[in-house]
Amino acid sequence: MFRRIFFVFLCLCTAVFSLQPVWAGSSDLSAFDGLSGRLTIAGGTAHIPVMKQAARQIMEHNPDIAITVAGGGSGVGVQKVGAGLVDIGNTGRALSEKERDKFGLKSYAFAVDGVGLAVHPDNPVNNLSKDQVKGIFAGEIGSWKQVGGADRQINLYTRDEASGTRSVFWKKALDKGPVAVEANVIQSNGAMKVAISRDPDAIGYLSIGHMDDSVSGVAIDGVSPTRENAKEGSYPVVRKLYMNTKGEPGKLARTFIDYLQGPRGAHIVSENGFIPAGQ
Amino acid sequence: MHFSETFSRMLLYTAAIVSLACVMAVFAFLVYFAWPVLAGGEWKDLLSLNWRPFQGHYGILPMILGSMYLTVLAMLVACPLAAGVCLFCSGLGPGPAAGAVKALVRFMSGIPTVVYGFVAAFTLVPFLRSHFSGSTGYCLLAAGLILGFLILPTIVLIGLSALERVDQELSLTCSALGLSRVQSLIHVIFPAAWPGLLAAVLLGFARAVGDTLIALMLAGNAPQLPGSLFDSIRTLTAHIALVVATDSQSQAYRSVFAAGCLLFFIAAAVNITVFRVQQKFGGLSRDG
């Protein structure tokens, strides 16, 4: 009996393996059949939930593959992949000309993400004009009262110099305007959410994919930072999320990138609150 | 017999040379990367109060001062506490309690830094925020208090061993002179152990200057000159952690090496001082 089951199983395996070339382009999990080895990923912190979910699915499907996902920020992603320390370096911004030339990197976009303003859920302010946002971050508007809130000081939170989230917010929401030096500097999207959710007077910005009920999104000029608005294009502060490889990716990295850019990947991307790059 | 002696000697020499070579390599590496900044006249720009990398200002003076303020504050928290704990454990306190305190301090030295930072971020920071207006809670005071607790075991444990060493030599003499335990501790043993105690304080200082995580998690990281204890500050170590991830071709990135050089020099200075003090006075107490 057991032997028969084993035989059927063997036949199925053979069938799957022989079919593989046909499916290779379909970006299904079966593309990972027969592959083995380690895939290391580091960089952008906005990417982490998507990367982790994909990694879990792949490793459950094929235990011969080990995928590790680390953060560090976009800058770390570039440096680690450039130095050959990881297979895929994630960035929440396009690479600079210098970075691309120096390391010979190739970029693969897989998702679009918005960067939204957020405050504590108890804060009644839910809409600011662009000038107000610029004023607040420049330190010229110091009290919530000046923008229709309680008579309390505004506690500013910004991101570190290496952050792709900071880069896009600074370019598209602040028009490269100044950020007050008093602003507290937070080093990841997750830590930003925690900081804002615990400070009733906080204002900061984070990836829309990371927003949940613990913080309250603030509309800029009446447009809320939601996935729907980012998708249809009315919300302007958006960026692409990239995976980068040094030169042509290896077989496993290539399959991983195809998977995330394919339909199953798009599903993971949407589930995590981002917009698949193809749409 | 002879062979094994030569062998173990070679092993020890190799270990010593490898560690020395590593330190020298780190130093050479830092200088190599910081050289363009130091030689190119960029250091003048580095020594300004203005860190606005996107407007072309790369001053790390606020971080140097931030590190100094934070370290001094942590020392102010830790030293009196450490002196009290040392006295308590070496004779002022009742035996069982002293043992318990000593065990507690040993346990404290094993707690990972991130646990201190995490707990403080959820307790001390909101407390400071709600009780002192104008502060976000992430500030010099929060980081200083916790950093003080972090370096306390270092100072206490090294200080205690210094006291015990002196105590073994002098306690009989003190008893013979009719001094009580408290009198001998305060008037004889504590003063006689000063080189060891100084070494303990200096090593605590080095640990405080070099700590990254507490400052990164609690000090707020704003690159500004603090006007009060409740202002957000950025230390040199936190600065390196935050900026090391930027585009490695940028000028901001190079400031990291200048900061690294500075920290290296501070660590070297502290260690050389400890070594000299030990060399000059360490033997004195042993000879009586």
Side-chain angles (χ1 to χ4, degrees), chain A residues 42-45 71-80 82-83 91 93 95-103 139 142 152-164 166-167 170-171 174 176-188 191 194-195 198-204, chain B residues 49-55 57-59 62-63 117-118 121-123 125-130 132-139 142 212-213 215-227 230-234 238-253 255-256:
Chain A
T45 58
S74 296
V76 167
V78 173
Q79 280 176 45
K80 281 202 167 168
T91 53
R93 55 174 170 81
L95 298 178
S96 78
E97 198 85 14
K98 275 181 177 171
E99 286 171 331
R100 194 171 302 131
D101 293 350
K102 185 172 183 216
F103 299 119
R152 296 172 70 101
Q153 165 188 291
I154 297 178
N155 290 343
L156 272 181
Y157 291 85
T158 184
R159 284 288 308 279
D160 54 280
E161 287 80 352
S163 161
R166 183 206 55 75
S167 169
W170 178 60
K171 270 182 207 146
L174 302 180
K176 301 197 177 186
V179 174
V181 284
E182 307 90 72
N184 284 331
V185 179
I186 307 285
Q187 67 273 31
S188 75
V194 172
R198 296 190 59 88
D199 182 350
D201 302 324
I203 189 166
Chain B
L49 281 172
N50 224 344
W51 173 263
R52 287 171 180 276
F54 306 106
Q55 278 88 42
H57 301 293
Y58 303 96
M63 289 61 138
F118 185 73
F122 281 84
T123 53
V125 168
F127 175 82
L128 290 175
R129 175 160 54 225
S130 54
F132 300 95
S133 67
S135 175
T136 62
Y138 295 96
C139 60
T212 311
L213 209 54
L216 198 59
M217 289 176 85
L218 302 176
N221 301 318
Q224 60 173 347
L225 263 186
F230 302 105
D231 276 356
S232 172
I233 59 148
R234 184 186 289 197
H239 179 68
I240 294 180
L242 288 169
V243 176
V244 77
T246 51
D247 178 357
S248 61
Q249 308 306 304
S250 67
Q251 204 183 353
Y253 190 71
S255 78
V256 165

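Values reported hereafter were calculated over all heavy atoms of this structure, with side chains retained and with hydrogens, waters and symmetry mates removed. Per chain, numbering begins at 1; letters A, B, ... match sequence-line order.
Just one residue in the list A:V185, A:V181, A:N184 forms a side chain to side chain contact (heavy atoms under 4.5 Å, CB included) with B:R234, and that residue is A:V185.
Contacts of A:V194 with chain B are made by side-chain atoms alone, with heavy-atom separations under 4.5 Å and no backbone atom involved. Proximity to chain A (any heavy atom under 4.5 Å) is restricted, for B:P126, to the side chain, taken from C-beta onward. Looking at B:S135, the atoms closer than 4.5 Å to chain A (heavy atoms on both sides) all sit in the backbone: N, CA, C or O. In this structure, the portions of A:A195 lying under 4.5 Å from any heavy atom of chain B include both its backbone and its side chain.
Counting heavy atoms of neighbouring residues, nucleotides and ligands inside a 6.0 Å radius, atom CZ of B:F122 exceeds 12 of them.
A donor-acceptor pair under 3.5 Å links the side-chain atoms of B:R129 to the main chain of A:R198, judged by distance alone.
Closest non-hydrogen pair, B:A222 versus A:A183, comes out as CB-O, 3.2 Å.
Taking the side chain as every heavy atom from C-beta outward, B:D231 and A:E182 never approach each other to under 4.5 Å.
Ranked by heavy-atom pairs under 4.5 Å with chain A, the list B:T136, B:L216, B:I233 is led by B:T136.
A:T45 is linked by a side chain to side chain donor-acceptor pair (under 3.5 Å) to A:N189, counting only residues two or more places apart in sequence or in another chain. Checked against side-chain contact (heavy atoms from CB on, under 4.5 Å), B:N50 has the following partners two or more places apart in sequence or in another chain: B:S48, B:R52, B:H57.
Note that the CZ atom of A:R159 and the CG atom of B:L242 stand 10.0 Å from one another [nearest 0.5 Å].
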